[in-house]
Amino acid sequence: MALATLFFVLLVTHSLVTAQDDCSSGPNNTDPNDCCATPMLISMEIITECLTAYGDMQKKKNDLPGPKRGCCIGDCITEKMGVNPSGDGNLDRNGLRMKLIDHLNGDAVWKDTLNAAIDKCFAMADSKADEFKAAMELKPAFEGEKICHPISGTTLGCISNEIFINCPAGIWQGSGECDAIKAYVQRCETIPRHA
């Protein structure tokens with residue numbers, strides 16, 4: 001359940017779908033949580049609050065042509081976690097790491113996987129500085145659109161993808177469908193929605 005909810009959030013926040021990669025839909029006969037039961041790293045209360053506040057607007061943003069726009073759901077989540085208090089993209093990276101690791105509740109099986117994912121995703125975010133700057137310079141495309149910094153949604157989406165792709169061997173439930181989901185996540189950088 002926890003993974004499915006986070007996957008839904010990340011489908012909304014981290015949509016990198018391209019026709020040439022055939023990422024418009026992925027394997028959906030198996031719930032990704034049945035492949036890898038990842039821990040819930042963000043409180044359900046924060047996720048629900050941010051989805052309620054920005055979910056509809058983010059869906060509109062994801063449908064816009066042109067450059068990728070910032071994710072207000074991700075921005076909201078990191079603001080509520082206290083690691084992006086001004087919403088300007090200056091994430092408290094050590095704070096974010098500590099908050100995510102705290103949600104593991106001492107689960108040593110996931111700690112190394114999570115730390116590796118965080119390191120990789122912070123490096124990825126650094127490499128996108130110019131893209132993020134350009135997104136912050138966009139003007140609202142529709143009435144009520146809030147311009148949000150892309151770093152939070154991109155980083156949180158990346159972390160979710162990485163912990164799924166690198167699911168510890170004792171937790172991964174390998175099957176043809178699970179392997180197809182993993183390949184999709186690696187190629188499309190998003191988790192497919194379960195039917």
Side-chain angles (χ1 to χ4, degrees), residues 1-18 21 23 26-28 30-44 46-47 50 62 68 70-71 73-75 77-78 81 83-84 89 91-129 131-132 149-175 177-194:
M1 174 65 177
L3 186 66
T5 303
L6 186 55
F7 285 165
F8 172 75
V9 171
L10 296 170
L11 281 169
V12 173
T13 63
H14 194 66
S15 178
L16 297 175
V17 176
T18 63
D21 289 338
C23 294
N28 66 1
T30 299
D31 183 340
N33 197 50
D34 291 340
C35 301
C36 181
T38 63
M40 193 67 180
L41 299 175
I42 300 166
S43 81
M44 201 59 195
I46 289 175
I47 290 172
C50 294
N62 289 348
K68 185 175 176 215
C71 174
I73 297 169
D75 221 22
I77 289 170
T78 56
M81 290 174 74
V83 297
N84 186 17
L91 284 177
D92 172 1
R93 292 178 179 207
N94 288 331
L96 179 60
R97 182 185 303 270
M98 289 182 353
K99 297 247 183 197
L100 294 176
I101 289 173
D102 282 350
H103 276 273
L104 292 178
N105 294 317
D107 186 346
V109 173
W110 282 101
K111 190 172 181 181
D112 289 342
T113 302
L114 179 58
N115 270 313
I118 292 168
D119 290 342
K120 182 173 183 176
C121 296
F122 284 162
M124 176 276 307
D126 289 342
S127 75
K128 293 183 177 258
E131 180 183 322
F132 292 166
H149 200 286
I151 194 168
S152 296
T154 302
T155 302
L156 292 173
C158 175
I159 291 168
S160 177
N161 294 341
E162 287 297 314
I163 63 173
F164 180 81
I165 290 166
N166 297 295
C167 186
I171 296 171
W172 179 254
Q173 301 296 314
S175 70
E177 184 76 7
C178 289
D179 292 342
I181 293 170
K182 184 184 281 192
Y184 177 88
V185 174
Q186 290 171 316
R187 185 178 77 249
C188 300
E189 298 179 355
T190 191
I191 311 267
R193 183 187 331 237
H194 175 57

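All residue numbers refer to positions in the sequence shown, counting from 1. Computed over heavy atoms, backbone and side chain alike; hydrogens, waters and symmetry mates excluded.
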Say whether, by atom type as modelled, one donor and one acceptor occur between the side chain of Ser160 and the main chain of Gly157 under 3.5 angstrom.
no
Side-chain heavy atoms of Thr154 within contact of Cys71, under 4.5 Å
no
Quick one: are Gln173 and Asp34 in side-chain contact, heavy atoms under 4.5 Å?
no
Less than 4.5 Å apart, any side-chain heavy atom of Thr155 and any of Ile118?
no
For residues Trp110 and Asn105, determine if any side-chain heavy atom of one lies less than 4.5 Å from a side-chain heavy atom of the other.
no
Atom of Pro32, atom of Phe164 and distance for their closest heavy-atom approach:
O-CE1, 3.5 Å
For Asn166 and Thr113, indicate whether the former's side chain and the latter's backbone hold a donor-acceptor pair under 3.5 Å.
no
Nearest 0.5 Å, what's the CG-SG distance between Asp31 and Cys178?
9.5 Å
If you compare all heavy atoms of Glu162 against all heavy atoms of Ala117, which two are closest, and at what distance to 0.1 Å?
CB-CB, 3.5 Å
Go through the structure and list residues passing ring pair (Phe, Tyr, Trp, His ring centres under 6.0 Å) with Phe122, not counting sequence neighbours.
none
Heavy-atom side-chain contact between Tyr184 and Ile191 under 4.5 Å:
no
Nearest-0.5 Å distance that lies between atom CD1 in Ile151 and atom NZ in Lys128
11.5 Å
Test Ser152 against every option in Val83, Ile77, Leu91 by the side chain to side chain contact (heavy atoms under 4.5 Å, CB included) rule and name the one that passes.
Leu91
When you measure from the SG of Cys167 to the SG of Cys35, is the result less than 2.5 Å?
no
Working to the nearest 0.5 Å, report the span between NZ of Lys111 and CG of Leu104.
8.5 Å
Hey, could you give me the CD/CD1 distance between Glu177 and Ile181, rounded to the nearest 0.5 Å?
5.0 Å
Side chains of Ile42 and His103: closer than 4.5 Å at any heavy-atom pair?
no
Dump the intermediate steps for side-chain contact (heavy atoms from CB on, under 4.5 Å) on Leu114 and Arg97, then the final yes or no.
CA-CA 9 Å; Leu114 179 58; Arg97 182 185 303 270; over 6 Å; no
Out of curiosity, Ile159 CD1 to Asp119 CG, how far, rounded to the nearest 0.5 Å?
9.5 Å
Please state whether the sulfur gamma atoms of Cys158 and Cys121 sit closer than 2.5 Å to each other.
yes
Taking C-beta and beyond as the side chain, do Ile163 and Leu41 meet within less than 4.5 Å on heavy atoms?
yes
Could you state the interatomic distance from CD (Gln186) to CD1 (Ile165), rounded to the nearest 0.5 Å?
4.5 Å
